[in-house]
Amino acid sequence: MKPPKASQHFRSIRRNANQHYFYQESLLLSNLEDSFTADETGDSHDPEQIFQNIQFQKDLMANIRCRPWTMGQKLRALRRAKDIVLKFEGRLTRTRGYQAAGAELWRKFARLACNFVVIFIPWEMRIKRIESHFGSGVASYFIFLRWLFGINIVLMIMTGAFIVLPELIAGQPFGSTASKTIPKEHIASAQDLDTVWSLGGYLQYSVLFYGYYGRERRIGRAGYRLPLAYFLVGMAVFAYSFIILLKKMAKNSRTSLASASSENYTFCWRVFCAWDYLIGNPEAAESKTAAIVNSIREAILEEQEKKKSKNLAVTICLRVVANILVLVSLAGSIYLIYFVVDRSQKLAQSKKELTLWEKNEVSVVVSLVTMLAPSAFDLIAALEMYHPRTTLRFQLARVLVLYLGNLYSLIIALLDKVNSMSIEEATPQNSTSHWLDSTFATRAAPGEERWSTLGPGIGLRRNSTWALEEANIPTYISPLSGANKTTVSTRSPQDQCWETYVGQEMLKLSIIDMLFTVASILLIDFFRGLFVRYLSDYWCWDLEGKFPEYGEFKIAENVLHLVYNQGMIWMGAFFSPCLPAFNVLKLIGLMYLRSWAVLTCNAPHQQVFRASRSNNFYLAMLLFMLFLCMLPTIFAIVRYKPSLNCGPFSGQEKIYDIVSETIEKDFPAWFGSVIGYISSPVVILPAVLLLFMLIYYLQSIARSLKLSNHQLRMQIQNARSEDRKKVAQMVEARIQTQDETTKRFPKDSDLGSQLSSAHSATPQNNGTVVNFDSSSSRSSRVETVAQPTTPSPQLGPGSPSSPLPGFSRSRHCSTRYPRGPCMNTSDLHRSKSCTPGMFTKHIEDVHSEPLFRKDFQPINHGSGVSALVPHSPRSHAPRYYLINERDSQQKKHSTFWPERHFKIDTSGDTADMYPRNMRRCAPLASPQLSEEEEEVPRRQVSRRAFHPRSLTDLHGMHHFYVDESSGSQALTPELQRPTHYTSWNDGFGGQLDRPMYMHKKARSQNFQYPQHPLKPRAKAKFEPSITESDFMSAASSRDQQNSGTNQYFQVTHSQPKCPRSAGQFARRKAISRQELTAGLNDLICSNV
Amino acid sequence: MEGEKESVRMRVFRAGSCQQLFYRYQDLAPQLVPLDYTSCPDVKVPYELIGSMPELKDNPFRQRIAQVFSEDGDGHMTLDNFLDMFSVMSEMAPRDLKAYYAFKIYDFNNDDYICAWDLEQTVTKLTRGELSAEEVSLICEKVLDEADGDHDGRLSLEDFQNMILRAPDFLRFTDSVKFPPFFHL
């Protein structure tokens, strides 16, 4: 029993191991041969094992593509795996391969089809091009336009297929009935331009308008119920629009929710995933680049908006003020419109003859208001300091409210008209008199429109056209009041068709709107662009830069225009079934014209902001508009009696009677009674209640879901940050274990740190490592300086070696810990590094290194002083000044220090000094110096590059150094001597601390092991310096550090331009490392 | 229109059979590469020719791509390298693999980490130097901020994978304006 179990166990372990190994393997580059070790020995006779082996090899074959091996390795592995599989497996099972191939083929095909479909999305390329050049905000307009186009196509199909076509095919032909013929007295003028322009004549008696449709309940041989279809389609247009709008909005909010959760890698994705690797022609590449630049700028803008320091009180005050202003101006303008409308109505009632001004007062006022108010809103919006996207929304909402004023005047005017007409029909015998007037008025309308709209401003055609309805209304009403008795001619009753009138008006509005759009595009964008482009050379001022400039694409106004236009369509679709078809044509034209104008004449916005590709706000406005536009239509349908002599519903009491009539006549009796019950309050009231309850229930569910969604998101974020922490901890742990191993295997960690230092370059952390620009940290460091200054004289030259380590540690810590304010992780590392057991220090060394490597450029700094100044792109990055004093002129220092000092002050944040040879600064520099001097070059040669660790330590020291000098600003050169002296000692102390640390490190250099024989040599070399005074030995050790630094700089500086490859660099590092070791050993010796 | 066709063609193009690829390879340098490849192992097509392939010629990272896939990092490619490149860049390659090679491509100094300098290079190449220095440094900072899991100031391979595999599904083409497909040569 036992052995099988054991073997099974073993197998399962192995299987798991295999799987695990496989997943691990899938991404890690490792030796190919390793993957075969486990199951390579296919000779095993255990069938289970063989089976596993086969499975493994199959997996390998299937996933060989996933492995980052080179082609040669892959081929070898594949061949091997195939051999094994072939050897152990019958050929039968290979049919499965064909299935897999088939699936693959299908996938390819599906993808191809998907790509193919993209081509047929209308205007996709055009929109993308615009988006790439103008940002997603402008593109959102076009996407909205395209979506509207889609809706209108459906509407057109609905009305066309169910109303227009049946009427054309099966209905009575033109001229057969009274409602389908042009009255005799109008035939003469039916083809006049004027008539055609006002959609009279033949157009009026065509399928374009409600009045043409016959009243026969059934038409054609199939018995198509046209009136019923007319009514149902009219309602279906609204229903469809509502449903599609709501669906789209729901979908948008879903996607926006989904995408909101993954927004935390914005910049990464924009950088790393931005390029489309399929781009294959230069033009596309160019626009892609533009798109990427735009998207990155958008992201930056978002970021800046987030970061913007907000003075809450001021902002809130400003916003409140702005909103009050907007409200006031809105209320004012709406009241103005109301006042003018009211006045004109009264005027029209009281006066017979209206002056030109009185006629057009309303339109002029309305267009003035709508022209001026949006710009006023724009100015006010600048006060609010919102994000540009929010600004756009506010602007849109405000302008929309303003436009509602127009809508109000239009609706009132139309309803008045309809009212008058239907009342008139109730008393047909009286109504013969004023039709001429009304037709006259309608005909006069275009003229007025042209006048009024062209007069005040071209941009606002829609408002003015409405307003002119308003202007027209009084003329209609006045005869009704009975004042006008001049009956010129009696009109045939088929003229009295208010539905046709409404349809005509709507279509007219739409046409005029289109014309004015074209005109405004040409004038405002195109000719202005031409003017600016070609005349700017000959003009007094800069046309392109200053006044007219190039037009910007005004998203808010254009979107509102679209919304508005669509509102007209919805309002008029019931009375003019061809309106959607007309709108489709209009939208197509608009798309081409607009996109052309945008691409040729407009300049991109100054601020590019991200508008989501599917903007729910536009849709919300559209929904609002739909609702508003549906109201008057529904109202008219419900309230007014249909015209007696025209249209499909003539003769009925109400339009909707057609439904009940159909139910009564064409359905069995029980159906009618059922409908009767259903429509009784007994059913409707509970149904409404039920609906309310349902709404409440669903809403509460949605609320709770939102809450849980929020909580889940929080959890995810927590988990993610935990993950990050864990990763960081793991890294830390790894480093620590490394260090522990390096204790046992000296030199290893040094190699590691060396390599990592070669690898890293993070200015960000650099900033924090050597950064002490915050004033608090600076002051704290100055304080800490004060502490060591007192003991330092005691330390003096006499007994440097024994007391110094302890002192230096205190200095070390005192300079490190106060950094608290500007601490981050690397700083944490840093503070840890104070404790002797920890060696995480090299992390910061790692950070500090690359700046030096790449950013320094030599600067001649006075005579004999050369400074290395980093050219760091960041303003907050610390600045390092490396001062090399070539001559050993003692006097230099006194002049030199204030200069440094000055630099620190001007640069504001950080300046570090690296006096090349400290001993020259020291007043104690004695004649022995010369001896030392002789030795230095030798050492410098032997310890070429200095490794970064000590470099950062030097930073610390020099912060100290420099800060002290900056703290004692009033010091004269003479006074600076003591300071100098103390700092020297401090540096010295730090230096002595260093070797202890280094010593451990140095011992732990595994890599360098073969080089160890260097040690005695260096020792021997260093003997003489020990024989000198203790102080001097310390000084020399100090010197080594410094010289090492300098050498390091020189080395890196010698090749500043060549982008050295890592390998090269690592090699160089390795060499320098060897040399350094020697140096370190020297240090150790000298301290001992 | 022209661009559209072109890009469609590119999408259709995929690794295909090795034979096709070999002919493409041979086409690049007919005078260098013999048709009979059985006995001629050591031929390299210089980078100038590789980089002028229609698939690569407009790619801002073409040099990096060539360097990553070439054996000694100089951009000159043997046939094996060439096949490698196409197999990785083909749409059939798994995303893990693509992420791995993408990491290598963005790692300009080959130190196995994407550091700020690499990022600067990436951004500069990507935008053709249109962004100002401050913008570039801001971007680098933000990228490191977002994706650097262990706060060591550079992106390791794990960080990078973590980030890129979470990106919205690149394989879907429909709404890919913002994040177009990462690699499908």
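So you know, we letter chains A, B, ... as the sequences are listed, proteins then strands, and number each from 1.
- The distance from atom NZ of B:Lys125 to atom OG1 of A:Thr289, rounded to the nearest 0.5 Å, is 13.0 Å.
- The contact between B:Thr122 and chain A is made entirely by side chain atoms (from C-beta outward), counting heavy-atom distances below 4.5 Å.
- Contact of the B:Leu131 side chain with the A:Arg297 side chain is registered, since non-hydrogen atoms from C-beta on lie closer than 4.5 Å.
- Contacts of A:Pro122 classified as side-chain contact (heavy atoms from CB on, under 4.5 Å), with partners at least two apart in sequence or in another chain: A:Arg146.
- B:Phe82 is linked by a ring pair (Phe, Tyr, Trp, His ring centres under 6.0 Å) to B:Tyr25, B:Phe86, counting only residues two or more places apart in sequence or in another chain.
- If you take CD on B:Glu134 and CD1 on A:Ile300, they are separated by 10.0 Å, rounding to the nearest 0.5 Å.
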